[in-house]
Amino acid sequence: MTVVVFAEKNKAAAKLATILSGGNSTREHMADLPVYSFVAKGEEYKIIGLAGHITSYDFDPAYRDWKAIDPAVLLTTNPIKNITKKNYERAVRQLAKQADSIVLACDYDREGENIGFEARDIALQVRKVPVKRARFSSLSANEVQKAFDNLVEPDANLALSADTRQILDLRMGAAFTRFMTLAVREKAYTKNILSIGPCQTPTCGFVYEREKAIRDFKPEDFWKIEAVFQAGSSEFEGVHRKGNIRDVELAKQIYEKLEGIKEATVFRLNIKEKQINPPYPLNTNEFLKRASKFLDISPEKALELAEQLYLAGFISYPRTETNRYPEDHDFKSMLKNLLRIGEYASFAENLLKTTVSPRNGKKDGHDHPPIHPIKAVSEKQIKNAVKLDNSWKVYDLIVRHFLANLMDPALFEKTHMEVHVKDEPFDCKGSVMKSEGWKQVYPFEISKENLLPPAAEGDKVAVNKLTNTKSQTTPPKRLTEAELLTLMDKHGIGTKATAPSHIETNKKRGYFEIKGKTISMLDTGFNLMDALGVSVPILIQPEIRAKIEGLIEDVEEGKKPFAEAISEGTVLIQKMYTRLKSGKGDIVLRIAGSIKDEKLAEDKNNHIGKCDKCGRTLSIIRTDKGRFVGCSGYPECRNTYPLPRKGSLDVMRSRGCKNGGFAVLKVSGGKYYWSVGIGPCFNCEKQKLCFPPTVIGKCPSCGCDMILIETKDSKFLGCARRCGFTCSYPQKGRVTLRDETCEECGWKIVRVKEPKKDARHYCINRKCNKKFKNLL
DNA sequence: GCAAGGTC
């Protein structure tokens with residue numbers, strides 16, 4: 001009898017074979033894919049690993065023409081399941097021919113059940129045989145063995161719940177995306193796609209909400225009364241108990257009451273020991289957040305790096321929700337191996353002297369253990385094996401986190417001193433690390449120390465300084481990628497493996513961008529979210545995912561038949577679609593405008609800047625009758641500025657106008673300059689500020705600056721005070737002034753490159769004796 | 001050309 005087993009991926013198949021065969025399996029190939037065979041308990045087993053999903057839904061080709069098909073039709077069209085990985089199909093068919101029974105052994109979750117059914121459906125077309133399910137939440141020998149000894153029925157509802165998600169996501173995503181893209185193209189020329197989806201859009205929504213809070217923020221004044229005290233020879237700071245005082249009169253009253261007082265009393269002293277526990281073990285989300293926060297590596301890159309480290313055998317499987325180790329996890333052998341690696345040896349050594357126990361979290365996704373190192377390797381080995389930037393940094397973070405998790409808490413002594421100036425209370429806080437604990441191995445989070453001098457209740461201290469400072473409340477900060485991941489996780493947007501891809505999608509679409517660690521909204525994204533917020537608010541809120549999720553769960557639990565969930569979900573999407581359609585005019589107006597503006601900004605030759613009347617874009621407009629600077633908001637905004645009639649125009653990106661002009665243009669290759677909104681620069685009293693002379697050294701005759709003087713048709717060096725001293729400027733070749741100066745006379749070194757000759761460097765001062773020597 | 005979810 002032959003049992004054919006389908007696992008989620010090759011790695012898992014290999015592991016299952018090792019466990020079930022007791023290490024005696026053989027590897028063969030089918031359709032170029034590895035298959036593991038062995039005999040156990042009188043049965044012949046053949047195990048193959050799939051590659052996650054091997055099928056995918058898509059619409060029939062007849063629905064693929066964006067222009068011919070009304071996007072609304074997609075909402076009620078049933079997509080077709082296509083096989084996307086043909087070689088897996090071939091292998092499954094070949095195996096099915098030999099099968100007397102089939103066991104589905106993919107990950108024990110919704111997608112895993114669905115992946116198993118994809119293979120099952122193909123196999124049953126070949127041969128009708130009984131199909132069972134092996135359920136295990138980790139690839140430990142114990143659990144796997146138990147699962148295969150107690151096979152259960154496959155869960156059709158669990159598998160169908162994933163189909164529900166796939167179909168509803170596709171219907172909604174395709175219909176909304178086509179609708180928006182085509183609508184905007186009616187008003188603006190763009191090849192870009194404006195996509196909308198049940199995960200990407202609420203992800204963008206988080207960024208938008210923060211951006212709006214920043215834009216709507218109105219700063220408020222507040223006052224803060226602070227004191228510098230002195231006990232013995234050391235100074236320390238205190239803040240008045242009322243903190244940020246909004247009421248100017250109140251602050252003034254307190255301050256005036258205390259002004260001039262030189263002595264205060266320690267009224268109360270409170271010393272507490274505070275313990276900071278080590279971090280929980282790493283699940284995917286926490287890993288991505290920390291990689292972004294500590295190492296400045298984007299979630300997308302971090303996941304890719306972890307994947308490579310996993311494939312190279314250095315760390316455990318990086319996609320997991322679980323942040324607690326199984327009871328029987330073997331820490332000691334890993335620690336022993338880490339003794340070999342210089343960076344970690346001392347920590348591992350100390351831990352091996354103790355009974356090792358992790359500080360576990362509470363999340364158990366029944367999938368894989370937390371991310372941890374499985375091989376101790378040096379920086380060199382990592383860099384040789386994984387040739388991607390930052391591979392070592394990521395491995396190092398994972399090892400340090402692994403160690404930190406096992407170490408003792410860090411202990412701090414927190415001192416709170418309440419000092420009274422007259423009867424007004426000031427708070428002084430101190431924090432001193434007593435025992436570093438896990439922080440020794442974890443340099444990513446640094447705790448600030450702040451020492452208070454020893455004092456007892458009732459002691460007198462000196463008041464050295466008292467201030468009443470006015471400040472302003474500051475707007476909320478832009479979201480970081482780490483914070484965005486937290487929000488997504490909290491609202492169930494995406495999964496451990498897909499969250500980074502939703503962030504990438506928004507970047508690709510030009511909705512937001514990431515600079516360093518912070519995310520800022522781009523105009524297209526802001527306008528899209530702003531407009532959707534008016535007509536279909538639910539779309540940009542995380543609840544949209546929750547609604548569909550609810551239906552999926554009903555199918556999973558058998559509370560709702562598949563067809564009913566699909567039709568209910570469809571009604572929900574249709575309602576949103578209707579609202580989207582009725583808001584079309586407004587949405588398109590705003591987005592088309594911002595797309596036009598972005599296109600103009602990319603046109604470096606003609607882009608001038610932001611319109612001071614309406615905020616849209618100013619650019620050079622050329623017509624039959626002449627040229628001028630005009631606004632992209634025309635005809636609603638008729639703001640224009642004149643330009644010189646003749647001559648070529650070059651926008652000077654690096655030169656600003658000190659008189660409020662929008663941009664400086666070079667006319668006829670440098671004949672003169674023109675500031676948009678002001679006129680020719682030679683008429684402007686601030687010309688010298690915008691065009692400071694290039695100083696090349698000191699005038700040997702009068703001692704003031706020698707400058708480069710440029711006229712319409714010549715260049716020479718002259719004294720800034722016009723004492724009469726002049727000097728010629730190289731006439732041939734490409735001339736560049738360097739930062740270096742001549743040791744002899746202090747004038748600048750110049751680089752001259754004539755065609756077909758080597759570049760020469762020499763002192764620009766012709767009277768200097770170092771002339772015409774190659775100086776650099 | 002469109003979504004989101006697996007994994008390579």
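Chain naming here is simple, since letters A, B, ... match the order of the sequence lines and numbering starts at 1 in each. Atoms considered below: every heavy atom in the structure, side chains included; atoms not considered: hydrogens, waters and symmetry mates.
In this structure, the ring of A:H401 has its center no less than 6.0 angstrom from the ring center of A:F287.
Residue-level contact check: A:G112 touches neither bases nor backbone, having no heavy atom under 4.0 Å from any strand. If you check every strand for non-hydrogen atoms under 4.0 Å, A:S501 touches nothing. Nucleic acid contact class of A:L50 (heavy atoms, under 4.0 Å, all strands): none. Using a 4.0 Å heavy-atom criterion, one finds that A:R165 contacts the bases of the nucleic acid, with or without backbone contacts as well. Counting non-hydrogen atoms under 4.0 angstrom, A:P71 reaches nothing in the nucleic acid.
Nearest-nucleotide positions on DNA chain B place A:T181 closer to the 5' end than the other of A:T181 and A:P202. Toward the 5′ end of DNA chain B lies the nearest nucleotide of A:R64, the other residue of the pair A:T84 and A:R64 mapping further downstream.
Listed pair A:T177 / B:dG1 fails the phosphate criterion, with no side-chain N or O lying under 4.0 Å from OP1 or OP2. Phosphate proximity of B:dG5 to A:T498: present, with a side-chain N or O under 4.0 Å from OP1 or OP2. Between A:H502 and B:dA3 there is no side-chain N or O to OP1 or OP2 distance below 4.0 Å. For A:Y317 and B:dT7, the shortest distance from a side-chain N or O to OP1 or OP2 is below 4.0 Å. Contact annotation: A:Q200 side-chain N/O to B:dA3 OP1/OP2 distance is under 4.0 Å. Between B:dA3 and A:R509, a contact under 4.0 Å exists linking OP1 or OP2 to a side-chain N or O. Taking side-chain N and O atoms only, A:R178 has no distance below 4.0 Å to OP1 or OP2 of B:dG1.
The separation between A:I48 atom CD1 and B:dT7 atom C1' is 14 Å, rounded to whole Å. Atom P of nucleotide B:dC2 and atom CG of A:L194 are separated by 12 Å, given to the nearest angstrom. When rounded to the nearest whole Å, the span between CD1 of A:I548 and P of B:dG5 equals 10 Å. Atom OH in A:Y88 sits roughly 7 Å away from atom C1' in B:dC8 (whole-Å rounding). Atom-to-atom, CG of A:D58 to C1' of B:dC2 comes out at 9 Å; the value is rounded to the nearest Å. For the pair A:I573 CD1 and B:dA3 C1', the interatomic distance rounds to 10 Å; values are reported in whole Å. Atom CZ in A:F176 sits roughly 12 Å away from atom C1' in B:dA3 (whole-Å rounding). Nucleotide B:dC8 holds its C1' atom 10 Å from the CD atom of A:E304, rounded to whole Å.
In summary, the side chains of A:E28 and A:S37 do present a donor paired with an acceptor at a separation below 3.5 Å, with no hydrogens or angles considered. A side-chain N or O of A:Y317 and one of A:R319 form a donor-acceptor pair less than 3.5 Å apart. Between A:R171 and A:N78, the side chains place a donor N or O and an acceptor N or O closer than 3.5 Å (distance only, hydrogens not considered).
Closest to the A:A497 side chain, of the nucleotides B:dA3, B:dT7, B:dC8, is B:dT7. Of the listed nucleotides (B:dA3, B:dG1, B:dT7), B:dT7 has the atom at the smallest distance from the side chain of A:E8. Set against B:dA3, B:dT7, B:dA4, the side chain of A:L170 has B:dA3 as its closest nucleotide. When the nucleotides B:dT7, B:dC2, B:dG5 are ranked by their closest atom to the side chain of A:I193, B:dC2 comes out on top. Between B:dG5, B:dC8, B:dA4, one nucleotide has an atom nearer to the side chain of A:A51 than all others, and that is B:dC8. Side-chain atoms of A:C199 lie closest to B:dG5 of the nucleotides B:dA3, B:dG5, B:dT7. With distances taken from any side-chain atom of A:W66 to the nucleotides B:dC8, B:dA3, B:dG1, the minimum falls on B:dG1.
Taking the centre and axis of the six-membered ring of A:F526, the NZ or CZ atom of A:K212 falls outside the cone set by 45° and 6.0 Å.
Classification of the A:Y395-A:F314 ring pair by plane angle, with boundaries at 30° and 60°, yields perpendicular.
Within the 4.5 Å cutoff, side-chain heavy atoms of A:L485 are placed close to those of A:L288.
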